[in-house]
Each structure stands twice: as structure tokens, then as C-alpha cells.
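Sequence positions, counted from 1, serve as the residue numbers for this chain. Both counts, for ligands and for their atoms, begin at 1 and track the order of listing.
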Amino acid sequence: MRSSSPNHQPTSTQIHASSRGSSITRETHDEVMTPNYAPMKMIPARARGSWLWDTQGKDYLDFAAGIAVSVLGHSHPDLVAVLNEQAQKFWHVSNLMTNEPAIELAQRLCELTFAEKVFFANSGAEVNEAALKLARRYAFDNFDEKKTEIVAFNNGFHGRTFFTVSVGGQPKYSDGFGPKPAGITHLPFNDVDALRGFFAEKGDQVCCVMLEPIQGEGGVNPASREFVQVIRECCNQHDALMILDEVQTGVGRSGKLYVYEKLGIAPDILTTAKGLGGGFPIAAMLTTDKIAKSLGVGVHGSTFGGNPMACTVANKVLELVTESDLLEEVDRKSEFLVKELTALGTRKDLFSGVRGEGLLLGCELSDKWKDRSRDVLTACMEEGLMVLVAGQNVIRLAPPINISHGDIEEGLARMERAIEKLEAT
Ligand SMILES: *Cc1c(COP(=O)(O)O)cnc(C)c1O
């Protein structure tokens, strides 16, 4: 089946009307932006569904979805409609007032998950920051003041605020900023013995264990069911809170709304962001009544958290994801994609394995392509396919979960062409 690209191809007037004039180029970025990013050459002009067009009119199939954010693709008409509707009413009131979209979204999240209470913020790092502060405060309120230890895992990623980056397990992101927050221990991921050993020695000092059910930035490494269950057991025995960071894995990407549903446990705190607003910035921390008591009036806050525009969109995202057969389709699409990627990986001696869940997949490069994930990404871009990397040896794919079967096939064909060109150079 041919891709849907031509149907959505914008006219050149649309492209030029949406770019900000010919004086802006990729070089302008470097003149006015801090140099902490190194964005691609192309500048997007318009996007729709799983497709994106740059200011030159070139089309790209989007298997990156803005780093696992645009779960329903770009400019979903239902999301555009509710956003426009709310924009006519009011945009922002702060937490000096509550608002109906925020309350509705919290209700929905409580109905769909283990949660009884919800805190809203704007990004993954912010809700993880809130979760860590809550765990420390809960221990402070209920136990003794020595119960402050945070257990996290090597290669984990929890955001870029100083607290969250320190809890993350990649020193390259947290070194070089002076003294780090104290009381954080990193253990090897999926190592049940190391975890039991640590709890046997210092369990009573642990206030929380924080992990991603699938490490995203760290290479698309799923936590084993046993590992997650042992964490749950250790936390129960030692009055420690289990914090699941589902910022990347949540909102349907795995074929479930949240991955914990597959693992036979419920966390004490869950954080969700990226996909929640389908591209509009919003994040939520979910927890129970009992734990939420430690966030009394004034203990924590956010100016933009619970913004009605963001909450309106997130309500619609959750409705579209949960009140359709989208989640079952994720499993079918995933099966097909894994099968085809594995075949392509073998044919081209490109991948040694494909892992992950649903539509969050990591393809490990074979020895022949060792350390060349950037080259593969660049070659794919040139063929009009956007992918992600997770380190030097993993190609990460996170397409919109409503991507069509035809678009998946088109993306695979583009990837194969990209590899053939790379082989020829
Ligand atoms: C992206 C990500 C974060 C950080 O989210 P931001 O919105 O960039 O602050 C935290 N945790 C995980 C697992 C992530 O993938």
C-alpha cells in the first residue's frame, strides 16, 4: 500500500505562509540560542498525522514523534478542535483557582489507574522532582529523619533539573555542576541480588526506589517482571515508596495505558508526561490518598500546572487512546514492525536484536555497525524517515501509536534504502 503522504502534501503557499520568512535559517539558531542543542539542518514547516514537511517541501515519515510525545500524530483534528474551543474561553488562571478541565483530567486519570490523587505540572522533570520531594516528605512526616535514601539505577533517566538528573544514572548528565543532592544510591538495573543486598543492609533508610519500567534514553531496556516485583516487595517490607517513571512509556505506547498494568504490581507514585498532551506540554504525578497527605497546602506548587489548555488537550488524548481499539492495534503493529525490523536487521547485518514493548522499540546495532547510530539516523533523515537513537548503538523508534500499516511499511522501505546508501559510501 502506498503511503498517505500525497493526500496531505501541503501546497507551497501553505509552507511559505507557515515559515517565518526567508531571513531565518538553521544558522540563525546558532546566533541566538544557547549551544546546548545541535538540531538537524532541516526546519519543519508543517506536520499532519505521521508526516512532516520541512521549509523546502521535503516529506518525512515520523518514527520519532518528537521523542515519544506525539502519540496521536501531528495536528490531530480532534485535538485541534478542543484546543481551539478552550482558547476561546480562557487560557490560564494559575492555581489560585481551580478549573474544570484540570478536575476532569484528574478524575479520568484516577478512573483509569491505581491513583486517587493527581498533581499537574508541565514536564517530565517537574513531576519527577515533585515525586522525589513527596517521597522525602512522606518519610519525614511518617518515619524518622534518617529515612532519606533514594535508590535509583544505572543508565536511568529522569529529567534535567538538578535533583532529577542526579537521581538519573548517567553521570555525564549530572557531573560538572558542583555538589549534588545527597542520599542517592545507584544500583545496576535488573540486578535482583544487588537490590536485595542493599535493602538487607540499609533498607530502613530507604524512602523510595525510582525506576523506568523500560529505560528509554538509556537504550530501551525493559525491566524484568521479577525485578519490578522484587522492588515492590522490598518497598513493602521497608516502608519505602515505589516511584515508576512512565514519562516515556505511558499513554498507550506499550499497548497498555501504562506499563505497570503488565507487570502485576501497582506503584505508589507514577509520573507521566511526554505523550499525555499529545504534543502540548503537560505532566502528571499520580499517587494514593495516604501518600498525597504529605503534600499539604503550600508544600509544593507550579504556576502553569493544571493549565486549562493543556488539560483540555490531555483529556481528549486519553479519551481517544482508551475509548477505541487503538491499544489492541498497538500490539498488532508492534508485532509486524518487530518482525520486519528483525528481518531487515538480518538481511543487512544491521541489528543484533530488537527489544522494547509496543511502539517503543530499540534496535541494537550489530558489530558491523558498532557505534554508528548517528550515521544511521542521518542516512534515514536523508531518505525522509525520522528515527531516534538511544546511545551510540541503539536506533530507537517511537512512531505515533495511530500510525497506519501502510506508513509503517513505507518507513521500513525508507530505512532499507537509507542503509543501502550508507553501505555504498
Ligand atoms: C523525557 C523523560 C524525562 C524528562 O522529561 P522532560 O519533559 O524533558 O522534563 C523524564 N523521565 C523519562 C523516563 C523521560 O523519558
Side-chain angles (χ1 to χ4, degrees), residues 34 36-37 39 64-71 119-135 150 152-170 172-174 184 186 189-190 208-223 228 231 242-254 257-260 263 267 269-286 302-307 310 313-314 317 355-362 387-391 394 396-399 401:
T34 56
N36 52 311
Y37 301 118
I67 318 187
V69 166
S70 314
V71 276
F119 169 80
F120 291 121
N122 316 287
S123 66
E126 279 175 85
V127 278
N128 284 336
E129 183 88 16
L132 292 164
K133 283 180 69 182
L134 174 56
I150 292 162
F153 300 97
N154 297 341
N155 285 318
F157 183 81
H158 301 297
R160 299 293 199 122
T161 65
F162 202 25
F163 199 0
T164 57
V165 86
S166 302
V167 173
Q170 301 189 60
K172 69 171 187 219
Y173 292 143
S174 56
I184 302 166
H186 292 101
F189 193 60
N190 275 337
C208 69
V209 177
M210 184 176 217
L211 77 153
E212 299 154 85
I214 303 168
Q215 290 187 331
E217 303 304 310
V220 192
N221 304 312
V228 170
I231 291 174
M242 179 173 183
I243 305 175
L244 263 196
D245 177 348
E246 293 229 31
V247 167
Q248 183 154 167
T249 54
V251 197
R253 191 153 284 293
S254 70
L257 188 59
Y258 292 103
V259 177
Y260 82 86
L263 294 170
I269 301 176
L270 181 148
T271 55
T272 174
K274 290 197 168 89
L276 185 59
F280 206 93
I282 180 168
M285 178 189 74
L286 316 183
S302 159
T303 298
F304 290 115
N307 171 279
V313 181
V317 170
R355 58 180 183 250
E357 295 268 347
L359 292 174
L360 178 58
L361 297 174
V387 299
L388 299 164
V389 301
V394 177
R396 180 173 34 147
L397 304 179
I401 66 173

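Just one residue in the list V259, T271, V251, I214 forms a side chain to side chain contact (heavy atoms under 4.5 Å, CB included) with E246, and that residue is V259.
For ligand 1, the protein residues within 4.0 angstrom (heavy atoms only) are S123, G124, A125, N128, F157, H158, G159, E212, D245, V247, Q248, K274.
Looking at R253, its side chain does come within 3.5 Å of a backbone N or O of P399 through a donor-acceptor pair. With hydrogens and angles disregarded, no donor-acceptor distance shorter than 3.5 Å links the side chain of D245 to the backbone of T272. Panel note: side chain H158, backbone F163; no donor-acceptor pair is recorded below 3.5 Å.
When the side chain to side chain donor-acceptor pair (under 3.5 Å) test is applied to Q248, the partners found at least two apart in sequence or on another chain are E217, R396.
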Should E212 and F189 be marked as a side chain to side chain contact (heavy atoms under 4.5 Å, CB included) after you check the CA-CA gap, both sets of side-chain angles, and the distance that decides it? CA-CA 10 Å; E212 299 154 85; F189 193 60; 5.8 Å; no

